[in-house]
Chemist: 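My questions will all concern the structure given below.
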Amino acid sequence: MVGEADGITPAELAAATPLASQALAGVKQLSTSGVIGFPDLPQHTTLAKEIQAYAAKLQGTYDTVCLVGIGGSALGAWALDCAARGPHPVQGEYSAAKPRLVILDNVDPEFVQLAVASMKPKKTLVVVIAKSGATAETVATFLIVRAWLIAGAGAKLAKSRIVVVSSEGRGDLKVMATAEGYQTFHLPENVGGRFSVLSAVGLVPAALIGIDILALLKGAAKMTALAWTPELSDNTPLRAALLHYLALTKKGKTIQVAFPYANRLWGTAFWFRQLWAESLGKAKNRAGETVHVGQTPIAALGTTDQHSQVQLYMEGPKDKVFSFWTVKKPADPGKIPVEKTGFEGFDYLTGQSLAKLLDVECKSTQAALTENQRPNCVFTLDRIDTEHLGMFFQLLEFETAFVGEMLNINAFDQEGVELGKKFTFGLMGRKGFTDFKKRYTDYEARRKG
Ligand code: PA5
């Protein structure tokens, strides 16, 4: 519909079908050989039940869950909280019966101080999440929050108010947690941060704020079954992957706009940005050739960003593909009162609903983009509940893994992030990283000179 120069023709799709089958086989092989663990996470129901039992034991004793973590150790929880408990910042009252989630994922001192000042130490549960157990931002913030907790609640209570999620076999965070007797949960070594929302990384904070984590895993299990289906026409994640791969490599669509038309999916859009960016942005392919490949993910919110970004999307560079995320049945239609005002610009809306307006605006934006030769697709969730969310997370994770295979890259490492982390360790004086301090000093000298 957008024309051959920008859209994927049925013939191009048919010609690329063998590549999709290869990608499916590649991800299956990585999964069965244990190189990657995210496809198996929906089966980890025993762990989910242990987490639920832990949450049930503490229920009623806290009104705030303070999550200290960053990147893949924070964004899944944010996506879940936003979708299940309500969009930020209008989640409503919080209490011991309906605890809130405060995520400390940035080391901006003003942000951390304001957040800490808003919490009561005796009513706060601290969840520290770091797979490596050593991320500077997480460790620094944890040291502040831990000292605040001990000062306000006493050392004894503080011990029972800290829960750690990390790798089982490495990292100082795990060593400290064992020494101090903190509750710990682990994520498998073969599950990377951005693929970890269905591991203890997402499940622990989710259970603590009252989300039904077994329903989440149930939805994800359904999508996993679909993702292993060999037929391209039945396999939604594989088809989405192939279309995005072709849009990137054949049509020059180097940007993907994730465009939810639901505030509850706004957190998921930010979670997805990390998943797509860190997994697919790579310098080398598996053959060791320099490729500098990737598709830049952008998050836009409908209808809000129709009045901010859409001018660029319609008329700017033809470098984007659009993924609309819509919801069939919003929980509340948002009736507009039946009240004639006598103003022509108002009265056509009376008696209708916000849900209809949102839907019409979304469809109108799709039609206008199509007329302007901008390729777009739609993912529709029947409704936003925990089960559908589990399905959607797993769909996007499989889609990402499949595109990685099609590009012949390793979608599961993140060397680009690691270098920045090492410079930080060097500059903050961590033992074993003096080389990186020197490398940074040389760079500064070159910049100035
Ligand atoms: O996807 C990833 O692996 C990263 O984004 C990590 O989640 C992020 O760097 C945080 O790492 P850690 O959980 O070790 O603190």
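For ligands, and for the atoms within them, numbers begin at 1 and follow the listed sequence. What you see below is based on every heavy atom in this structure, not just the backbone, and it leaves out hydrogens, waters and symmetry mates. What you see is a predicted model; the values in this text were computed from it and never measured.
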Chemist: Could you tell me the residue and atom name of the protein heavy atom closest to atom 14 (O) of ligand 1, and the distance to it rounded to 0.1 Å?
Modeler: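 Here the nearest protein heavy atom works out to Ser132 OG, 2.6 Å.
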Chemist: Taking the side chain as every heavy atom from C-beta outward, state whether Lys284 and Glu415 have any pair of such atoms under 4.5 Å apart.
Modeler: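 Counting from C-beta outward, Lys284 and Glu415 never come under 4.5 Å.
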Chemist: Please could you name the atoms of ligand 1 that Arg194 approaches to less than 4.0 Å, counting only its heavy atoms?
Modeler: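 Listed by number with element: 1 (O), 2 (C), 3 (O).
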Chemist: Against heavy atoms of Glu278, which atoms of ligand 1 measure under 4.0 Å?
Modeler: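 Those of ligand 1 that fall under 4.0 Å from Glu278 are 1 (O), 2 (C), 4 (C), 5 (O).
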Chemist: Quick one: are the ring centres of Tyr443 and Phe423 less than 6.0 Å apart?
Modeler: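 No, the ring of Tyr443 stays outside the 6.0 Å limit from the ring of Phe423, centre to centre.
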Chemist: Which atoms of ligand 1 have any heavy atom of Lys131 under 4.0 Å away?
Modeler: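 Near Lys131, the atoms of ligand 1 are 12 (P), 13 (O), 14 (O).
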Chemist: Under a 4.0 Å N-O cut-off, is there an ion pair linking Lys174 with Glu168?
Modeler: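 Glu168 and Lys174: not salt-bridged.
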Chemist: Does any N or O atom in Gly72 lie less than 3.5 angstrom from one in ligand 1, N or O only?
Modeler: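 Yes, Gly72 has an N/O under 3.5 Å of an N/O on ligand 1.
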Chemist: Classify the ring geometry of Phe272 against Trp276: parallel below 30°, tilted from 30° to 60°, perpendicular beyond 60°.
Modeler: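 Correct class here is tilted.
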Chemist: Does Tyr440 have its ring centroid less than 6.0 Å away from the ring centroid of Phe436?
Modeler: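 Between Phe436 and Tyr440, which both carry aromatic rings, the centre distance is not below 6.0 Å.
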Chemist: Mind checking whether Phe322 and Thr365 have side chains closer than 4.5 Å, heavy atoms only?
Modeler: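 Side-chain contact under 4.5 Å: no.
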Chemist: To check your reading of the model: name the closest protein heavy atom to atom 10 (C) of ligand 1, its residue, and the distance in Å.
Modeler: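 Minimum-distance protein heavy atom for atom 10 (C) of ligand 1 reads Ile70 O, 3.4 Å.
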Chemist: Any idea which atoms of ligand 1 are less than 4.0 Å away from a heavy-atom of Gly193?
Modeler: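 Checking each atom against Gly193, I get 1 (O), 2 (C), 3 (O), 7 (O).
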Chemist: Which atoms of ligand 1 have any heavy atom of Lys421 under 4.0 Å away?
Modeler: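 Counting atoms of ligand 1 from 1, those under 4.0 Å from Lys421 are 9 (O), 11 (O).
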Chemist: Any side-chain heavy-atom pair from Val197 and Trp271 closer than 4.5 angstrom?
Modeler: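 Heavy-atom side-chain distance check passes, below 4.5 Å.
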Chemist: Evaluate Gln274 for polar contact with ligand 1, using N/O atom pairs at a separation under 3.5 Å.
Modeler: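 There is such a contact, yes.
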Chemist: So, are Asp382 and Lys328 salt-bridged, with charged N and O less than 4.0 Å apart?
Modeler: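 Yes, this pair counts.
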Chemist: Relative to the heavy atoms of Gln414, which atoms of ligand 1 are at a distance of less than 4.0 Å?
Modeler: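 What qualifies from ligand 1 is 3 (O).
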Chemist: How far is atom 15 (O) of ligand 1 from the closest protein heavy atom, and which atom is that?
Modeler: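 In this structure, atom 15 (O) of ligand 1 has Thr135 OG1, 2.5 Å as its nearest protein heavy atom.
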